[in-house]
Amino acid sequence: MNFLECVRISFRSIKTNTLRSFLTMLGIIIGVSAVITMVSIGEGASANVASQINGLGSNLLIVTSGQARQGNISLGAGSMQSLNLEDAVAISQQSSVAGVAPSVNTRGQVVWHNNNYSTSLEGTTEAYPDVRNVEVQQGRFFNRFEVEGKSNVAVVGPEVVNSLFGSYYANPIGETIQINQIPFEVIGVLKSQGSSGMTNNDDKIVVPITTAMNRLIGRPNVGTIYVSAKSADNMLQAQFDIQNTLRAEHGLKPSQDNDFQIRSQSDILSTAQGVTSVMTTLLSGIAAISLVVGGIGIMNIMLVSVTERTREIGIRKAIGATRRDIMQQFLIESVTLCLLGGIAGVLIGILMSKLLTSFAGIATSLSVEPMLYAFLSSMLVGVVFGVYPARKAASLKPIDALRYE
Amino acid sequence: MKRQSVIRIQELKKTYQIGDQEIHALRGVNLEMEEGDFTAIMGPSGSGKSSMMNVIGCLDKPSSGEFYLDGHPISEASDDELAAIRNRKIGFVFQNFNLLPRTSAVENVELPLLYAGIPAKERRERAIRALESVGLGQRLHNKPNELSGGQQQRVSIARALVNDPVILLADEPTGALDTKTSIEIMGIFQKLNEEGKTIILVTHEPDISEYAKRVVMFRDGQIVSNESVSHRRSAKLEEVEL
């Protein structure tokens, strides 16, 4: 008997027991759609994280001061205050480096007319927009002369504009604000970047680093130096060059440890993606379990179906069906059940993740690969859990099967 | 011209093991049938006629002895060979029809051809011809539950005939039918026999056995008599009378 005939017979038997077939498939449908939904959530989350981290700047390396130690106790990153502006200049002279933006951070009280607002202040150089991948949506960023001249100019984040000027205030450019009682002229507004993790990138004021050091902080130390490498392939070379430069600048002996840390964007990315991939694995693992449970459901129904159709098997054998014919018939039936369930599951999974995105705002990302896997594994489930009932059917003796009431 | 021997059975024994008890269903049977024979196998229940029928139908293998069907030794055949022999050489007609439920008459009749690997178009043509030959040309697409008992039995005769077997094996074919329908069915068997078909009829009703040419009596697993029927009934004449 050929394959197509078998498929036809199994379709008929599925059709004659519509409700039971549907209930059997339900396990597979739930399993497959759960796998697809979970994976799409996981991939959506990791794509989200990746885009946020890429938003930090292209080919970004982050140099921070090392951890000071008292005895054996680390005081935390940045506790050492080992970086300064000369370091930044030295790093910028390396051929593998495209741009350098040293940065200092503090918090401050900002006043405009009767409004006041507390926000974070960042002092940096004119290279900051390029290195950190930040754009100005209104006005302009400060230039080299303003940095060298310690000008009192400020570029504010959109959150600050809302909080300080009110959301209806159309044009804050040219206004004078007081930061820690020092007047600054607003020359630009940053484009919104959203928040990454715990920090809201829109809630800050950026001023020239020289101004910040002299007027706001009063210390010549640089907290962080942002470095952008010439290209993504250049990252390791840049990291190596920065390390050598800083060790030379700081006069460290070969026996001494680095008094700074260099982290690359890809380090941060891989850490974050490690977390989301664990999450994805976990979720899809749970979903896979439901696929197995669905498979057991299939086996259960197929066994019932073999018993119920013992007489039919007897008739078929009496008129010439071989073991193989019967085996094939039942196996194809269980695979067909699983495949139909798989197709329905894929469709429902796609629908679910679309609904999650549009109604619950959860980021999802659908790709073909997990669908293919879920579909194939549903077929595998059909074979694995169909073999035993099919063998049982095939090994029935025709006389016993015919006599069965 | 010597007619070809369709069935040759020598010293056939069949023993069943039930628990630690051995049951000798057949205790050395010898039987020979030639092409065109119409033999009724009779006997009370437990006489071994069902076991005989299972062996002749290649549904069961003998414990010992020789069985040649159309010249092929059956005693040593494998399960798959037996399936092929059932498919090509034997046509079964059962007491309770044994048609597939929820499957139309024509598809039921096609079934043996399906397992014989005949292409769909030819299958359909041959099935329709077989149903027409038993007078069911108008009922091709009815399902078993839409047919009367007599019609169902005709479908199962059509199914038995469709692959042109060497013997037709009918196990109590009239057991579930009323007298009038029984005569109709026996009429079909007699007509087929006149056309040259070899038929074995298993029955416990003496009335029915009189439609055959010979009657073989079984008792306690052995053949006790093997005689030709002296006053053979003709279903055709009886139908006219009715």
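The chains referred to below are lettered A, B, ... by the order of the sequence lines, with proteins before strands, and numbering in each begins at 1.
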Name the region of L99(B), side chain, backbone, both or neither, that has any atom closer than 4.5 Å to a heavy atom of chain A. backbone
Side chain / backbone / both / neither for R88(B) at chain A, heavy atoms under 4.5 Å: neither
Smallest separation among heavy atoms of [X] and [Y], with atom names:
X: A318(A); Y: F92(B); result: O-CE1, 3.2 Å
X: R159(B); Y: I315(A); result: NH1-CG2, 3.5 Å
X: Y115(B); Y: G320(A); result: CB-O, 3.9 Å
X: R12(A); Y: R102(B); result: CD-O, 4.4 Å
X: E107(B); Y: R8(A); result: OE2-NH1, 4.2 Å
X: I319(A); Y: N87(B); result: O-ND2, 2.8 Å

Heavy-atom check, side chain of L100(B) versus side chain of R316(A), under 4.5 Å: yes
Are side-chain heavy atoms of E312(A) and T103(B) found at a separation under 4.5 Å? no
Contact class of R309(A) relative to chain B, heavy atoms under 4.5 angstrom: neither
Side chain, backbone, both or neither of T322(A) within contact of chain B (heavy atoms, under 4.5 Å): both
Within a radius of less than 6.0 Å around [atom1] of [X], do more than 12 heavy atoms belonging to other residues, nucleotides or ligands occur?
X: Q17(B); atom1: CD; answer: yes
X: E76(B); atom1: CD; answer: yes
X: M279(A); atom1: CE; answer: yes
X: D80(B); atom1: CG; answer: yes
X: Y16(B); atom1: OH; answer: yes
X: R124(B); atom1: CZ; answer: yes

In Å and rounded to the nearest 0.5 Å, what is the [atom1] to [atom2] distance from [X] to [Y]?
X: S395(A); Y: D79(B); atom1: OG; atom2: CG; value: 10.5 Å
X: D60(B); Y: K397(A); atom1: CG; atom2: NZ; value: 6.5 Å
X: I399(A); Y: K61(B); atom1: CD1; atom2: NZ; value: 11.5 Å

Using a cut-off of under 4.5 Å for heavy-atom pairs, which of A83(B), C58(B), G57(B) has the most such pairs with chain A? A83(B)
